[in-house]
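Read through the structure below, which is laid out as structure tokens, and then see the notes.
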Amino acid sequence: ARLLATWDIFPKTTVLLDGNFRVTDWANPQTGFRTDSMPLRVQAGLRGFITKKFAMTVKAGFGKGFYAEGDDIQTFIGEVSFGFKPTPFTLIDFGYDRDFVDSYYARYYVGDSAHLKVGQQLFQRLNLEAEGRYTYVQYGAYDPGTAFTASHSERRDHAITAKAGLSLSIIRYLSLRVGYQFQGIL
């Protein structure tokens, strides 16, 4: 379930409160890997234009995993991003965010990400979008038991994501979108 409350305090500035609660109930839980959970995320923030060409998003909050067994996560989550609009039809956005994600391996991981996004509108109906993202991944500690010979409790990964998309606005509330996404571990 998600609750997103917004309040427009200026013509182009919004205060937001974002709450997200999910229930994950595995049919076949595995100790140390798949564990039932009820992750909760609550963030408050501000999004808007500082000038006609510069925008900013700032969100800060709290996340907790509520895992049925083993280590649990309780951490700061948030986002800071800056947008630049050099032309009325171009948007460049770069920023940082931190969140945790349920994981098949070690219950969860915390991701610290830096991103760069570029969007371009053509002919008032066609939108081109590209995004690059680097994420430093820190897995939660777990005891592999006797099934494994090595403990991976200190495992850290460097992940990259690249996305490209094209969307066509047919009418105001209807559009078609096609895209490609690549993800890899360095």
Side-chain angles (χ1 to χ4, degrees), residues 1-8 10-22 24 39-61 63 75-105 108-139 156-186:
R2 182 171 185 197
L3 170 68
L4 178 61
T6 62
W7 178 39
D8 295 335
F10 293 114
K12 294 191 177 189
T13 304
T14 301
V15 173
L16 57 97
L17 177 63
D18 189 0
N20 188 332
F21 177 75
R22 291 180 300 140
T24 303
L40 171 69
R41 292 169 181 82
V42 178
Q43 295 184 82
L46 187 67
R47 174 183 295 149
F49 276 87
I50 300 167
T51 68
K52 289 183 180 183
K53 293 192 178 242
F54 291 98
M56 186 171 168
T57 300
V58 177
K59 294 192 296 186
T75 187
F76 166 81
I77 58 175
E79 175 186 355
V80 175
S81 65
F82 301 94
F84 174 58
K85 204 167 183 174
T87 72
F89 304 106
T90 306
L91 179 63
I92 301 168
D93 178 72
F94 62 94
Y96 163 83
D97 63 81
R98 177 183 174 90
D99 199 357
F100 75 97
V101 179
D102 282 348
S103 174
Y104 182 80
Y105 175 86
Y108 65 88
Y109 68 84
V110 175
D112 291 294
S113 299
H115 70 266
L116 174 64
K117 300 177 188 177
V118 178
Q120 178 68 48
Q121 185 180 48
L122 303 169
F123 312 115
Q124 296 182 351
R125 290 187 178 263
L126 188 64
N127 294 302
L128 303 170
E129 301 164 355
E131 177 182 351
R133 179 178 293 270
Y134 164 80
T135 305
Y136 179 65
V137 178
Q138 304 170 65
Y139 292 91
R156 306 291 187 256
D157 285 333
H158 302 273
I160 57 169
T161 304
K163 297 179 187 178
L166 175 69
S167 63
L168 174 67
S169 296
I170 298 170
I171 59 175
R172 187 174 180 179
Y173 297 107
L174 180 65
S175 66
L176 295 174
R177 178 175 168 77
V178 63
Y180 179 78
Q181 177 173 321
F182 167 81
Q183 291 182 308
I185 302 290
L186 300 175

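Along the sequence shown, residues are numbered consecutively beginning with 1. Just so it is clear, the model here is predicted, and its values are computed rather than measured.
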Taking the side chain from Arg125 and the backbone from Ser167, do they hold a donor-acceptor pair closer than 3.5 Å? no
- Query: Do side-chain atoms of Gln120 reach the backbone of Phe89 as a donor and acceptor pair under 3.5 angstrom?
  - Reply: yes
Output for pair (Phe84 CZ, Ile50 CD1), nearest 0.5 Å, gives 12.5 Å
Please examine the side chains of [Y] and [X], heavy atoms only from C-beta on, and report whether any two atoms are closer than 4.5 Å.
| X | Y | value |
| --- | --- | --- |
| Asp99 | Glu79 | no |
| Lys53 | Thr87 | no |
| Leu168 | Ser175 | no |
| Ile160 | Gln183 | no |

Whether Tyr134 and His158 hold their rings parallel, tilted or perpendicular, with breakpoints at 30° and 60° = parallel
Check your understanding: Taking NZ, NE, NH1 and NH2 as the nitrogens, is one of them in Arg2 or Asp18 under 4.0 Å from a carboxylate oxygen of the other?
Key -> yes
Practice task
Using a strict cut-off of less than 4.0 Å between a Lys/Arg side-chain nitrogen and an Asp/Glu carboxylate oxygen, indicate whether Asp8 and Arg47 qualify as a salt bridge.
Solution key: no
*Applying ring pair (Phe, Tyr, Trp, His ring centres under 6.0 Å), run through Phe100 and Tyr109 and close with a yes or a no.*
CA-CA 6 Å; Phe100 75 97; Tyr109 68 84; 9.3 Å; no
Could you pull out the closest heavy-atom pair between [X] and [Y], with the gap in Å?
| X | Y | value |
| --- | --- | --- |
| Pro86 | Ile92 | CG-CD1, 4.3 Å |
| Gly184 | Phe182 | N-CE2, 4.1 Å |
| Asn127 | Ser169 | ND2-OG, 4.3 Å |
| Phe49 | Thr13 | O-OG1, 4.1 Å |
| Thr90 | Lys85 | O-CG, 3.1 Å |

Given the options Ile77, Asn20, Leu4, Gln43 meets side-chain contact (heavy atoms from CB on, under 4.5 Å) only with Ile77
**Message:** Using the rule given for side chain to side chain contact (heavy atoms under 4.5 Å, CB included), can you reason through Leu128 versus Leu122, listing the C-alpha separation, both sets of side-chain angles and the distance that settles it, and then say yes or no?
**Reply:** CA-CA 8 Å; Leu128 303 170; Leu122 303 169; 3.6 Å; yes
Identify all side-chain donor-acceptor contacts of residues 110-119 below 3.5 Å with residues at least two apart in sequence or on another chain.
{"unit_1": "Asp112", "atom_1": "OD1", "unit_2": "Tyr96", "atom_2": "OH", "d": "2.6"}
{"unit_1": "Asp112", "atom_1": "OD1", "unit_2": "Arg98", "atom_2": "NH1", "d": "3.0"}
{"unit_1": "Asp112", "atom_1": "OD2", "unit_2": "Arg98", "atom_2": "NH1", "d": "3.2"}
{"unit_1": "Asp112", "atom_1": "OD2", "unit_2": "Gln138", "atom_2": "NE2", "d": "3.2"}
{"unit_1": "Ser113", "atom_1": "OG", "unit_2": "Thr135", "atom_2": "OG1", "d": "2.8"}
{"unit_1": "His115", "atom_1": "NE2", "unit_2": "Asp93", "atom_2": "OD2", "d": "2.8"}

Strictly under 6.0 Å, is that where the ring centroids of Phe82 and Phe94 end up? yes
request  = I would like to know whether Leu16 and Leu46 meet side chain to side chain contact (heavy atoms under 4.5 Å, CB included); could you show each step before the answer?
outcome  = CA-CA 6 Å; Leu16 57 97; Leu46 187 67; over 6 Å; no
message = Run the side-chain hydrogen bond (donor to acceptor under 3.5 Å, both in side chains) test on Asp157 and Tyr139 for me, step by step, so that the C-alpha distance in whole Å, both residues' side-chain angles and the decisive distance to 0.1 Å come before the verdict.
response = CA-CA 8 Å; Asp157 285 333; Tyr139 292 91; 3.2 Å; yes
Check: Between Glu129 and Arg177, does a side chain to side chain contact (heavy atoms under 4.5 Å, CB included) hold up when you go through it step by step?
Finding: CA-CA 11 Å; Glu129 301 164 355; Arg177 178 175 168 77; 2.7 Å; yes
- Is the number of heavy atoms from other residues, nucleotides or ligands under 6.0 Å of Gln181 CD greater than 12? yes
Please determine whether side chain to side chain contact (heavy atoms under 4.5 Å, CB included) holds for the pair Tyr180 and Lys163, giving the CA-CA distance in whole Å, both sets of side-chain angles, and the decisive distance to 0.1 Å.
CA-CA 6 Å; Tyr180 179 78; Lys163 297 179 187 178; over 6 Å; no
Sequence neighbours excluded, the answer for side-chain contact (heavy atoms from CB on, under 4.5 Å) partners of Leu176 is Ile170
